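Okay, structure first, notes after.
Residue numbers begin at 1 in each chain, while the letters A, B, ... track the order of the sequences. The structure displayed is predicted, hence computed values, not measured ones.
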Protein chains: 2
Amino acid sequence: MAERTKYILDEADLPTQWYNVVPDLPEPPPPPLHPGTREPIGPADLAPLFPQALIAQEVTTERYVDIPEEVREVYRLWRPSPLYRARRLEKALGTPARIYYKYEGVSPVGSHKPNTAVPQAFYNAAEGVSRLTTETGAGQWGSALAFACAQYGLECEVWQVRASYDQKPYRKLMMETFGATVHPSPSALTESGRKILADDPESTGSLGIAISEAVEQAAADPNARYALGSVLNHVLMHQTVIGEEALKQFELAGDTPDLLVGCTGGGSNFGGLAFPFLREKLAGRMNPVIRAVEPAACPTLTRGTYAYDFGDTAGLTPLLKMHTLGHGFIPDPIHAGGLRYHGMSPLISHIHELGLIEALAVGQQECFAAGVRFARAEGIIPAPEPTHALAACIQEALRCKETGEEKVILTALCGHAHLDLPAYGAYLSGEMVDNELSDDVLAESLAALP
Amino acid sequence: MAERTKYILDEADLPTQWYNVVPDLPEPPPPPLHPGTREPIGPADLAPLFPQALIAQEVTTERYVDIPEEVREVYRLWRPSPLYRARRLEKALGTPARIYYKYEGVSPVGSHKPNTAVPQAFYNAAEGVSRLTTETGAGQWGSALAFACAQYGLECEVWQVRASYDQKPYRKLMMETFGATVHPSPSALTESGRKILADDPESTGSLGIAISEAVEQAAADPNARYALGSVLNHVLMHQTVIGEEALKQFELAGDTPDLLVGCTGGGSNFGGLAFPFLREKLAGRMNPVIRAVEPAACPTLTRGTYAYDFGDTAGLTPLLKMHTLGHGFIPDPIHAGGLRYHGMSPLISHIHELGLIEALAVGQQECFAAGVRFARAEGIIPAPEPTHALAACIQEALRCKETGEEKVILTALCGHAHLDLPAYGAYLSGEMVDNELSDDVLAESLAALP
């Protein structure tokens with residue numbers, strides 16, 4: 001019998017529940033605050049933006065939440081996703097480490113984002129909402145929500161940062177193929193957009209502006225709600241299907257991870273893989289090191305401050321206690337667009353404060369070197385975001401080569417790079433740079449914390 | 001237990017042999033002829049271009065050829081591929097038909113092409129070849145060969161039609177990420193290229209020119225060989241892993257297809273799915289109708305002539321007995337680049353002449369309408385090529401809706417459209433046209449048959 005490359009679960013093994021890590025933590029995370037009163041916000045504050053079911057999930061203290069059958073039916077289009085043993089990469093590196101990767105690029109849009117887009121669309125449709133609005137940068141989240149809305153007959157309206165809208169037309173075309181309407185942001189359709197355009201008709205936009213436009217539209221239409229692709233508790237909870245499946249797949253493999261590595265932007269991919277393993281660790285059933293990897297250009301966990309800050313640039317959201325570089329921080333235009341967020345999920349931040357996970361920052365050239373190495377060995381060209389995790393993975397595998405340690409490493413390969421190939425072009429042609437984030441720039445940004 | 005969406009095979013069920021349909025046919029296909037002597041060509045004629053193992057496979061009369069373990073090891077990176085039951089599409093169409101699709105877009109490059117690129121690279125490497133050359137149009141084949149060469153440490157050099165090289169940079173970037181060198185064709189690197197450039201320095205190239213360049217380079221370098229991605233017997237044989245897996249998956253589903261539909265360009269995807277089912281049909285174990293679907297703009301089987309013709313535009317190849325529109329035929333620039341070939345695999349052509357398969361031509365607007373419908377129901381955005389099969393599939397499913405017939409339809413979804421999204425953009429914005437191929441143009445092209 002040949003050595004296995006993939007560990008595949010049957011559809012019958014698709015998780016029936018999402019896992020909520022909060023009740024298993026030694027203490028609960030600090031609550032979001034109303035920016036005016038600085039009092040904890042309540043469900044009523046969120047009702048104009050989110051359906052009741054998701055607000056309830058955001059604050060639930062239950063350890064498990066049932067996945068509706070209507071959601072599982074759509075998940076089955078690509079889930080369970082495969083767990084791979086990276087035998088060809090191990091061989092190429094000459095490492096005694098055993099490297100596994102959980103691959104989420106098998107989803108219709110090529111990333112882990114539909115794991116939460118689908119339930120978000122479902123709950124909105126179930127409560128009679130007919131239209132969802134959202135923002136998107138490079139477009140991973142927007143295309144996931146467009147796909148999800150097509151499944152439940154919802155209208156989907158996406159404000160895409162103008163620079164990406166113009167430079168990366170493939171993601172927009174994907175959203176439109178799924179039936180979504182895509183606007184470049186800033187747009188003349190909203191108060192927020194018109195204000196920006198009046199000041200600067202040539203504005204190329206920002207994620208902060210796009211959030212303002214999507215939120216404004218949702219709040220103004222009683223039939224519409226807003227959807228967010230990362231950061232919040234319910235979003236991370238939906239992603240735990242990744243880790244739950246991986247646990248079952250490790251049973252199939254007869255192995256146990258010593259180290260988990262995942263990239264962190266808003267935290268949803270990382271939390272999705274890590275939380276079920278963290279549960280096992282807290283229960284004493286295994287003891288993996290859990291390592292978050294972030295870009296050196298946007299080092300929230302490694303150089304940010306743990307403080308209350310706004311989730312958006314314009315300061316419209318509740319205050320979130322999180323690792324932040326300051327809500328006005330504009331990261332270098334690195335290619336991992338999904339990791340260019342000034343803050344970090346409050347839940348991941350809290351868990352980091354508790355000392356349950358560690359963090360590492362890596363420059364993008366090392367990341368793309370790891371991506372190319374991985375692609376040539378394993379065939380899959382990783383999206384720019386998970387190359388951060390792969391770089392950390394390769395660092396560890398090469399350490400094992402020196403020490404002879406047969407460490408078991410698990411990484412989250414959250415998507416492929418089909419729509420990000422120009423980033424590889426920049427790397428291969430030597431045009432990619434690593435700009436050091438200066439202490440001065442960071443200090444200035446942090447001085448503006450609310 | 002919920003209804004199944006996917007039928008997944010274990011790695012242990014990966015086929016161990018390719019199937020050669022030739023010995024099961026009532027009569028063998030006519031041999032290729034030397035263009036000078038008009039005598040059947042022999043192995044020596046092919047030796048400068050192909051390794052011995054592939055030449056032997058091209059003419060073998062064995063029904064089965066073992067798949068080397070080194071090839072199966074790479075196949076396992078994505079194979080066995082899933083067979084899907086299109087439940088959401090069936091529901092959207094309101095049809096009593098049961099629609100299944102075998103999905104090859106799970107391969108590293110997103111199409112079925114690596115099924116033959118991998119063994120071709122393997123056999124070349126095993127015979128000491130260090131460099132492979134090939135041509136590519138839109139780039140599906142070039143990227144498959146680039147991936148395959150990376151697996152066995154071969155250099156890969158691709159001549160890509162200049163128009164595609166300039167307009168579709170993502171495929172080139174994919175090839176380069178896998179380590180291949182990509183030249184726009186015509187290039188100044190070859191006699192053939194320089195000749196074209198001398199006449200027309202602005203030439204945007206053609207597949208015929210690119211073939212001449214790749215063949216010329218391979219023939220001139222004793223360490224190099226040439227690789228072809230469709231048309232030839234050994235290429236179609238490598239693709240039969242698709243149909244062999246699908247047969248096992250139908251057993252799992254407890255169902256039997258009444259109709260197979262696949263798109264045909266050179267014939268490799270169609271043959272790969274259809275040949276194992278044709279074996280079952282010839283043996284009387286099932287009786288599916290087998291239907292090839294081609295573009296109305298390049299209707300080889302439905303409007304071409306069955307005659308000896310050149311495989312390339314320039315007339316450098318052996319003469320092949322096939323359905324052809326004439327080797328000088330230039331199809332409309334439709335978006336299904338993989339189906340823009342003036343001829344058809346001699347084996348598929350022969351089987352069509354024997355009355356074992358039927359053929360249908362569809363215009364591209366109907367195809368993209370089917371593609372959008374499929375994407376919104378099933379999540380996968382199909383490549384332009386398999387939208388032809390999906391259009392035929394939907395035609396049949398809607399007929400079943402009228403008659404109430406619970407027909408079982410199987411189609412080959414040979415790839416996704418991540419790198420072809422601008423074609424969907426053209427369709428959605430109403431810019432796509434269907435130009436009728438006029439009888440006069442066709443007659444003129446056929447008059448030039450050798």
Inset, instruction - Inspect the contact between B:R72 and B:D66 and indicate whether a charged nitrogen and a carboxylate oxygen are less than 4.0 angstrom apart. - result: no
What residue, out of [options], has the most heavy-atom pairs lying under 4.5 Å from chain A?
{"options": "B:R79, B:K172, B:R87, B:R171", "value": "B:R79"}
{"options": "B:I381, B:T177, B:I380", "value": "B:T177"}
{"options": "B:E176, B:H416, B:M174", "value": "B:M174"}

Legend entry - Donor on one side chain, acceptor on other, B:Q160 and B:S164, under 3.5 Å: no
Legend entry - Side-chain donor-acceptor contact under 3.5 Å, A:E157 with A:T181: no
Less than 4.5 Å to any heavy atom of chain A: does that hold for the side chain of [X], its backbone, both, or neither?
{"X": "B:A377", "result": "backbone"}
{"X": "B:Y170", "result": "both"}
{"X": "B:L428", "result": "side chain"}
{"X": "B:L419", "result": "both"}
{"X": "B:P169", "result": "neither"}
{"X": "B:F147", "result": "side chain"}
{"X": "B:R88", "result": "side chain"}

Report yes if the side chains of [X] and [Y] come closer than 4.5 Å at any heavy-atom pair, otherwise no.
{"X": "B:I242", "Y": "B:N115", "value": "yes"}
{"X": "B:S107", "Y": "B:H112", "value": "no"}
{"X": "B:D420", "Y": "B:Y424", "value": "no"}
{"X": "B:T5", "Y": "A:E73", "value": "no"}

Legend entry - Side chain, backbone, both or neither of A:I8 within contact of chain B (heavy atoms, under 4.5 Å): side chain
Legend entry - Side chain / backbone / both / neither for A:F178 at chain B, heavy atoms under 4.5 Å: both
Legend entry - Cationic tip of A:R98 above A:Y100 ring, under 6.0 Å, 45° of axis: no
Inset, instruction - For chain B, find which of A:A150, A:A375, A:G179, A:P422 contributes the most heavy-atom pairs closer than 4.5 angstrom. - result: A:P422
Inset, instruction - Could you pull out the closest heavy-atom pair between B:A121 and B:Y152, with the gap in Å? - result: CB-CD1, 3.8 Å
Inset, instruction - Identify the two heavy atoms, one from A:I67 and one from A:P15, that lie closest to each other, and give their separation to 0.1 Å. - result: CD1-O, 3.5 Å
Legend entry - Contact listing (chain B partner; residues 248-255 of chain A; heavy atom under 4.5 Å): none
Legend entry - Pairs meeting criterion salt bridge (charged side-chain N to carboxylate O under 4.0 Å, His left out) with involvement of residues 364-388 of chain B, two or more places apart: none
Inset, instruction - Measure centre to centre between the rings of A:Y101 and A:F374, then say whether the value is under 6.0 Å. - result: yes
